[in-house]
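Bear in mind that the values here come from a model prediction, so they are computed numbers and not experimental data. Quick note on labels: first sequence line is chain A, next is B, and so on, each numbered from 1. Computed from heavy atoms alone, side chains included, the values below leave out hydrogens, waters and symmetry copies.
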Number of protein chains: 2
Amino acid sequence: MEKEKGKITLKDVARMAGVSRGTVDRVLHNRGDVSKRSYDNVMRVIKDIGYEPNIYASILAHDQNRSVVLLLPSYHTGEYWEMAARGAEQAKAYARTFNVSIETVLYDQYDIDSFREACIQLLGISPAAVVLAPVFRNETAVLTAVLRERGIPYSYVDTKLEEDGYLTFYGMPMYKSGYLCAELLFDSISSVPESADQMKVAIIRIERDKNRKSDPTVTRREGFFDYMTEHYPNVEIRSVFINPRDPGSIIETLSSFFESNPGITHVAMFNSRVHLIAPALETLRAGDMPRAVGFDNLDDNLAALRRGSIRYLITQHTDEQTRLAINSLVDYLVLNKEPERRDNYMHMDILSRNNVDDY
Amino acid sequence: MEKEKGKITLKDVARMAGVSRGTVDRVLHNRGDVSKRSYDNVMRVIKDIGYEPNIYASILAHDQNRSVVLLLPSYHTGEYWEMAARGAEQAKAYARTFNVSIETVLYDQYDIDSFREACIQLLGISPAAVVLAPVFRNETAVLTAVLRERGIPYSYVDTKLEEDGYLTFYGMPMYKSGYLCAELLFDSISSVPESADQMKVAIIRIERDKNRKSDPTVTRREGFFDYMTEHYPNVEIRSVFINPRDPGSIIETLSSFFESNPGITHVAMFNSRVHLIAPALETLRAGDMPRAVGFDNLDDNLAALRRGSIRYLITQHTDEQTRLAINSLVDYLVLNKEPERRDNYMHMDILSRNNVDDY
DNA sequence: CAATTTGCCGTGCGCGTGCACGGGAACCGT
DNA sequence: ACGGTTCCCGTGCACGCGCACGGCAAATTG
């Protein structure tokens, strides 16, 4: 289906359209100084013979080094956003193939001013494209407005804003993920529903700062509760809040929680930090471990999974998200390739003790 | 970490080594006519300054069209090997970036002569690289010997032969997949082991032709049985054979099986064809569906999963396997990039009704 | 010693595109 | 009629590399 022999070049187009290479070039890149007549001629020929520019020659001649900037919350090793950064690392290999480099700009996700500074820094780089996670919604809207104005394409990862200026979005179906979480928790007794009376669920949540950040896990929680009301309306559900900034306090919090709420058989956590409660479960409930399900393949989570203190992890391929987002932008920039889909919901992986190894 | 400004070119290397571009070129491509002195000089400079050729210029100048051939059993839509072919489709996009095209050569997996013919056809194409699944072990060994002799790199997918001439292998950890299969089947009652007495497992197998083909699922079966003896040594396990060539017979076979083996609560199947027994389960066991687990994300399997007649599917990303295998070969051919790992065991995905949608 | 071969090596051209430069024609105003 | 714009357009060089061609010196041969 490809006839590689008689490759059609720009020169051929020029000849067939009765103009020079320069004119074809001007048409291809919309840089004016072309009469309507010539323009139409060239366009017709291009369409007729299906001309496609040779990207090697193009890149070779261009020889410019564009950069795609990834705008992320800063992270320590083992934290959620590190995975996103890891994805960028993988994308680099692909991007460098096309002479585009990946820069990462970080900000403190608890400090809105640092986000604003990061935006300024980002614009200073004058990137060819941007990948970002809209942690601060309003400020992100400001940034993307500037990007649109400057004609810089951008993609969302993790979450998106409800506008339509972005090129692509890669994220997780949050509602479904909560639903799935509940299923994995309670699948164990679906064949013996009468035992549902003996179950009690604990939902571990994070004490949140009062800031303007968005909390994507609310949707996940909805999915979870909908599953519960549909399948196990009588199961007791309790919530407890822990403070991730003070790891020492967690075991105390949970200890008193378990005392005042005896008979907890299931534990769910809707963000990436199940690993924080794993040690507490192991010491407080060594005898009768509740069945625990959490999210995201952080190293600490995987370790807890292997130890058996977490039963299942649902992962959203955070690294893949950034990788694909970057790739879509690179394809768009270099190959003029429109993405297949704008909104891309990633597949959720279910991880158990027995399939983590080759992850 | 990249200094893109002063890109090092072949000319720079030539200058620094005190030779001409031609000589450097001869060194790079091992085509002789270079004195030992010059050779050493050039090699030293290359290593010192970390010269890397510009592949765009290289491809542009070279302008040759190589092809990678994928050697697979022929398939009908919805069958296992179709997924492998699908992966090739995805790899095409990447490959064409480098002026390499992907050809597929098919053979009848039940006819060894057709395989031999396919090999001849393959060699006729004089491919730059080959991806293959060693269905016929001995004949595959013959083929790979020829490939090695001709210096054509090749990669295995799905299964591999025990030799070390291949560039990469992408497959599934078969033993673990069987183990995982058992866990997913019986996880439901792990907290109430006393009910294990009431369980009965059926293993559905395929009547095999008597040919020299390899059966990779034996290892999977081992993993399954090991899990069972470790965790539920007293559970009854029965096997039943169905004939995939005669779909009409399946329901009869299973009907009489269920009659003579009442109380089957769990069903496992170790190849990609669970979809064959799903309708039978739905009609024969509508009231008390046994819990069924199978393998591979064939469309029919996914449909059965959605209908609820299969509880879990374990998938091995067959499409990814071929995609990655092809990519590894392309990288090796074009970029001279050695693969990171030779043997690559893919992650197993667990698919349930609630996470198939975004697959 | 002349003629030829062999071992090494440098140079020039072409791959297809981006872009700067300059130039011709038409149009304007004086 | 003439200088000055404006609008279009063609050409030449550069990008980095592969490869063919030819050349020079040393080694070999008759």
Side-chain angles (χ1 to χ4, degrees), chain A residues 3-43 45-46 49-66 96-100 128 333-336, chain B residues 4-43 45-46 49-66 96-99 128 333-336:
Chain A
K3 42 169 172 230
E4 302 290 353
K5 287 298 146 204
K7 259 302 182 66
I8 299 161
T9 75
L10 188 145
K11 197 157 57 179
D12 298 326
V13 175
R15 187 171 36 75
M16 298 177 69
V19 296
S20 74
R21 290 167 28 233
T23 302
V24 178
D25 180 72
R26 277 183 283 268
V27 171
L28 284 174
H29 301 86
N30 295 321
R31 22 190 177 81
D33 282 349
V34 177
S35 69
K36 173 141 175 44
R37 213 179 90 81
S38 297
Y39 183 88
D40 291 342
N41 272 339
V42 171
M43 286 305 266
V45 172
I46 287 178
I49 65 178
Y51 164 74
E52 283 188 23
N54 181 321
I55 53 166
Y56 311 112
S58 175
I59 294 175
L60 182 62
H62 215 57
D63 202 31
Q64 76 179 350
N65 228 35
R66 344 199 203 187
R96 77 168 295 145
T97 312
F98 296 111
N99 264 5
V100 352
L333 288 176
V334 182
L335 310 179
N336 266 324
Chain B
E4 300 293 352
K5 288 300 147 205
K7 259 301 183 67
I8 299 160
T9 74
L10 187 146
K11 196 159 58 180
D12 297 326
V13 175
R15 189 172 33 76
M16 297 175 69
V19 296
S20 75
R21 291 167 27 233
T23 303
V24 178
D25 179 72
R26 277 182 283 269
V27 171
L28 284 174
H29 302 85
N30 295 320
R31 31 189 173 77
D33 282 351
V34 177
S35 68
K36 173 144 175 49
R37 216 179 88 81
S38 298
Y39 183 88
D40 292 342
N41 273 338
V42 171
M43 286 305 267
V45 171
I46 287 178
I49 66 178
Y51 165 75
E52 285 188 20
N54 181 320
I55 49 165
Y56 309 112
S58 175
I59 293 176
L60 184 61
H62 213 60
D63 202 32
Q64 75 176 340
N65 227 36
R66 342 198 206 191
R96 74 167 298 145
T97 311
F98 296 111
N99 264 7
L333 287 175
V334 182
L335 311 178
N336 266 323

### Query
Reckon A/L10 touches a base, only the sugar-phosphate, or nothing at all at heavy-atom distances under 4.0 Å?
sugar-phosphate
### Any A/S38 side-chain nitrogen or oxygen under 4.0 Å from OP1 or OP2 of D/dC9
yes
### Query
In terms of the nearest nucleotide of DNA chain D, which residue is placed more toward the 5' end: A/S35 or B/P53?
A/S35
#### Entry: B/T23 and B/S20: CA distance, side-chain angles, deciding distance, side chain to side chain contact (heavy atoms under 4.5 Å, CB included) verdict
CA-CA 5 Å; B/T23 303; B/S20 75; 3.5 Å; yes
### Query
Between D/dG10, D/dC15, C/dC9, which nucleotide has the shortest distance from any of its atoms to the side chain of B/R26?
C/dC9
### Query
So, is A/Y51 close to the C/dG16 phosphate, meaning a side-chain N or O under 4.0 Å from OP1 or OP2?
no
### Query
Counting only side-chain N and O atoms of B/R21, is one of them less than 4.0 Å from OP1 or OP2 of C/dC9?
no
### Query
Does A/S58 put a side-chain nitrogen or oxygen below 4.0 Å from OP1 or OP2 of C/dT17?
no
### Summary
Here the distance between atom P of C/dG7 and atom NZ of B/K36, to the nearest Å, is 17 Å
### Task
Return yes when atom OH of A/Y39 has more than 12 non-hydrogen atoms of other residues, nucleotides or ligands closer than 6.0 Å, and no otherwise.
no
### Query
If only side-chain N and O atoms of A/H62 are considered, is one of them under 4.0 Å from the OP1 or OP2 phosphate oxygen of C/dC19?
yes
### Query
How about A/R31: does its CZ atom have over 12 heavy atoms from other parts shown lying under 6.0 Å from it?
yes
#### Entry: Among D/dC15, D/dC9, C/dT11, the one nearest B/S20 by side-chain distance
C/dT11
### Task
Quick one: label A/N54 by what it contacts on the DNA or RNA (base, sugar-phosphate, nothing), any heavy atom closer than 4.0 Å.
sugar-phosphate
### Query
DNA chain D: B/A57 or B/R31, which has the more 5' nearest nucleotide?
B/A57
### Task
Using whole Å, report how far CD1 of A/I59 lies from P of D/dG16.
13 Å
### Query
Can you check the B/D33 CG to D/dG18 P distance for me, whole Å?
17 Å
### Query
Roughly how many Å is it from NZ in A/K11 to P in C/dT17, rounded to a whole number?
10 Å
### Query
Would one find a side-chain N or O of A/T9 under 4.0 angstrom from OP1 or OP2 of C/dC15?
no
